[in-house]
> 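Please read through the structure below; I'll follow up with questions.
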2 protein chains.
Amino acid sequence: MKIGELASVTGCSIQTIRYYEKENLLPSTQRTEGNFRLYDKAAVDLLLFIKHCRSLDLSLKEIRQLLALKRSPGAQCDKVNRMMDAHIQQVEDRIAELTQLRRQLKALRRSCSSDRTVEQCGILQNLTT
Amino acid sequence: MKIGELASVTGCSIQTIRYYEKENLLPSTQRTEGNFRLYDKAAVDLLLFIKHCRSLDLSLKEIRQLLALKRSPGAQCDKVNRMMDAHIQQVEDRIAELTQLRRQLKALRRSCSSDRTVEQCGILQNLTT
DNA sequence: TTTAAATTCTATAGTCACTATAGAATCAAG
DNA sequence: CTTGATTCTATAGTGACTATAGAATTTAAA
């Protein structure tokens, strides 16, 4: 199949597919005489794997690592577990940060009401200190 | 004061200060004969305002808007309030997304334990579908 | 006064994961 | 054959920085 069909089948844009090839996530494929890329079922599966990982906010670097591990079926998968644990921790850390940020923003928001001038604005005043 | 001192006083890097000037967040300053930038107390205050906004994850675009509003002291500050509300909503949306992501990652993580091979890895298997 | 180190300058490129666009080439259908 | 669709490569842009190179200026010590 050609790239348009791969894009259609996987829900991944043509440009992103080319990008992933350039970034060495997807292998360079066979081409037609006219230089159009040709993809098979394995490519579909690989791209779906990548997309799944992206949907979990795994970085391209992390995905590369997972793909490398995947190519050693007999190896221990503790690296996978450790990567997942680290990623979960990142997400939890970010949630904590944002929760704190939300608290700060709410507090700031409470320092103003809707019938003031800019000069009297509690938000801007608090941002100035 | 020169840029190094401004950086020291505000905790903002020299490069970022120059970047903010380039992005029109900070006004172009006076220069010495040797072309070194010179900053006064107002610049310190402005940069601290910007840094405070950044610490609240406000984008440079949003900060520009706040600064523009700040320059009309007699105007109503309801735009400030609305911007803050929108920003709070963004943060809350992002928290919700990340919380959902965390749930997914935890579920995925439970599908594997530490004494398996890559071939048997529940995480990789689930990522493949 | 000279020298060397420190500070500052502008320009450019890179980070990350895409996304858009331009112009050229190929393909497919009428 | 023509025309529209598809695909190609190259390049630039997004946002908020961050790093580096080489040149110029300043500062402090000998």
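A note on names: the letters A, B, ... follow the listed sequences, proteins ahead of strands, and every chain is numbered from 1.
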> Taking only residues at least two apart or on different chains, which pairs with a member in residues 39-50 of chain B satisfy side-chain hydrogen bond (donor to acceptor under 3.5 Å, both in side chains)?
B:K41-B:D45
> Checking B:D93 now: which residues fulfil salt bridge (Lys or Arg N to Asp or Glu O under 4.0 Å) with it, not counting sequence neighbours?
none
> B:E23 and side chain to side chain contact (heavy atoms under 4.5 Å, CB included): which partner among B:R18, B:R64, B:K61?
B:R64
> Does A:K70 make a cation-pi contact with A:F49, if we ask for NZ or CZ under 6.0 Å from the ring centre and within 45° of the axis?
yes
> Is a donor from one side chain sitting under 3.5 angstrom from an acceptor on the other, for A:S113 and A:D115?
yes
> To 10°, what angle do the rotation axes through the five end pairs on each side of the helix from C:dT1-D:dA30 to C:dG30-D:dC1 form?
30°
> Tell me every residue that passes side chain to side chain contact (heavy atoms under 4.5 Å, CB included) with A:Q100, counting only those two or more places apart in sequence or in another chain.
A:R103, A:Q104
> Write out a two-atom table: protein N or O, nucleotide N or O from nucleotides 15-18 of chain C, distance below 3.5 Å.
| from | atom 1 | to | atom 2 | distance (Å) |
| --- | --- | --- | --- | --- |
| C:dA17 | OP1 | A:L60 | N | 3.0 |
| C:dA17 | O3' | A:R54 | NH2 | 3.4 |
| C:dA17 | N7 | A:Y19 | OH | 3.4 |
| C:dC18 | OP2 | A:Y20 | OH | 2.9 |
| C:dC18 | OP2 | A:R54 | NE | 2.6 |

> Quick one: do the A:T128 and A:Q125 side chains pair a donor with an acceptor below 3.5 Å?
no
> Can you give one letter per nucleotide of nucleotides 6-12 of chain D, going 5' to 3': B for a protein heavy atom under 4.0 Å from the base, S for sugar-phosphate only, - for none?
BSBB---
> Nearest whole Å is fine: how far is D:dA24 C1' from B:E33 CD?
14 Å
> Whole angstrom is fine here: how far is it from CG in B:N24 over to C1' in D:dA16?
15 Å
